[in-house]
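To start, the structure itself, in structure tokens.
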There are 2 protein chains.
Amino acid sequence: MNDFERRNLPLFPIGIVMELTELSARQIRYYEEQDLIHPARTKGRQRLFSFVDIDRLLEIKDLLDKKINIAGIKEIFLQRELEQKEKEIVLEKAKQRLSDKDLRKKVLREVTQQKPGQTHSLIQGDLSRFFH
Amino acid sequence: MNDFERRNLPLFPIGIVMELTELSARQIRYYEEQDLIHPARTKGRQRLFSFVDIDRLLEIKDLLDKKINIAGIKEIFLQRELEQKEKEIVLEKAKQRLSDKDLRKKVLREVTQQKPGQTHSLIQGDLSRFFH
DNA sequence: ATATGATGTTAATTTTTCTAACATCATATT
DNA sequence: AATATGATGTTAGAAAAATTAACATCATAT
């Protein structure tokens, strides 16, 4: 299990979260109702919060202290999410480029390599016009 | 809050601990009865487990799998505890020696230093017999 | 002055956990 | 082989914690 997964495990009942965040149950449930958090549930429908949920609650608290209202907080979180997706796409593409490069290298090696028993390099044969 | 404190926070209800450790409530409560763990309690006397408790439960599980009985496990934990105390004492003494050395250095500096306006070093006066 | 947003409070219900007692099952002892 | 012991399962009844829903309050914006 990696760090991401660990931080997203549903572990904490609302009572503990109340203590850790110094928020009331009413506040926590209201923020969920407003789609600011999405805690997991037990079979019996009791909320279970992750570290990520708790961090988010603490941030909500900070932003409310700064007189930002729930709509504002929702927008902030939304923008961050988009930003995050943007980054993931860039990363994804970079990764793809890397593995493409790798692949080209491999193919080139395959094709130019003088294997034992081969009388001449392929690059001097049929495929020579593809690699310069 | 440091790492030690964080790992000792009472956070998890027994249901979560059951999932994380794959132990039954009966087993967990029995190990407490046998003094292998000492989870905290809520006001209402419900158990709250820390990361340390969970690690310990996982170790108990391992040792039981190795056919070591509860008495054996208790002894292992006890010895580890003594070992730990031993180490703490050694560390404590080392620390003490260090600060003693510091103190002696300071006193020496104080006493041997020629302050502006002083006609002669103290070390040549009344205290000279203490520092060689 | 009124409407709205965020939170408090309460009641009834459901879920989770508690303790205590008795049951089971494997392993060690006689 | 019969019996004792240690670890765990199961059950029942009680207590604690969490849920939803409704109504109340209070500050702030219109």
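Just so you know, these numbers come straight off a predicted model, no measurement behind them. Labels below follow one simple rule: chain letters A, B, ... track the order of the sequence lines, proteins then strands, and each chain is numbered from 1.
Residues meeting the salt bridge (Lys or Arg N to Asp or Glu O under 4.0 Å) test with A:Asp35, sequence neighbours left out: none. For A:Thr21, the side-chain contact (heavy atoms from CB on, under 4.5 Å) partners are A:Val17, A:Leu23, A:Ile28, A:Ile54, A:Leu57, A:Leu58, not counting sequence neighbours. Every residue two or more places apart in sequence or in another chain that forms a side-chain contact (heavy atoms from CB on, under 4.5 Å) with A:Glu75 is listed here: A:Leu78, A:Gln79. For A:Arg41, the salt bridge (Lys or Arg N to Asp or Glu O under 4.0 Å) partners at least two apart in sequence or on another chain are A:Glu32. By the salt bridge (Lys or Arg N to Asp or Glu O under 4.0 Å) test, B:Arg97 pairs with no residue at all, sequence neighbours left out.
Residue A:Arg45 places no side-chain N or O under 4.0 Å from the OP1 or OP2 atom of D:dA18.
Note on B:Arg47: only backbone sugar-phosphate atoms sit closer than 4.0 angstrom, heavy atoms only; bases stay farther off.
A heavy atom closer than 4.0 Å to some atom of DNA chain D occurs in B:Thr42, B:Gly44, these being the qualifying members of residues 32-44 of chain B. Residues from residues 54-62 of chain A that place a heavy atom under 4.0 Å from any atom of DNA chain D: there are none.
Going from atom CD1 of B:Ile28 over to atom C1' of C:dT19 covers 16 Å, rounded to whole Å.
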Could you pull out the protein-nucleic contacts involving nucleotides 25-30 of chain D (nitrogen or oxygen on both sides, under 3.5 Å)?
none

Protein and nucleotides 7-11 of chain C: nitrogen or oxygen contacts under 3.5 angstrom:
unit_1	atom_1	unit_2	atom_2	d
C:dT7	OP1	A:Gln27	NE2	3.2
C:dT7	OP1	A:Tyr31	OH	3.0
C:dT7	OP2	A:Tyr31	OH	2.9
C:dT7	O4	A:Arg26	NH2	2.9
C:dG8	OP2	A:Ser24	OG	2.5
C:dG8	N7	A:Arg26	NE	3.2
C:dG8	O6	A:Arg26	NE	3.1
C:dG8	O6	A:Arg26	NH2	2.9

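Applying the ring pair (Phe, Tyr, Trp, His ring centres under 6.0 Å) test to every pair with at least one member in residues 47-78 of chain B, sequence neighbours left out, gives these pairs: B:Phe12-B:Phe51. Within the structure, the ring pair (Phe, Tyr, Trp, His ring centres under 6.0 Å) test picks out no pair touching residues 19-42 of chain B (sequence neighbours left out).
Mapping A:Ala71 and B:Leu48 onto DNA chain C by nearest heavy atom places A:Ala71 closer to the 5' end of the strand.
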Original post:
Just the dot-bracket of DNA chain D, please: which string comes out with Watson-Crick or G-U pairs under 3.5 Å, [ ] for crossing, | for another strand?
Top reply: ||||||||||||||||||||||||||||||

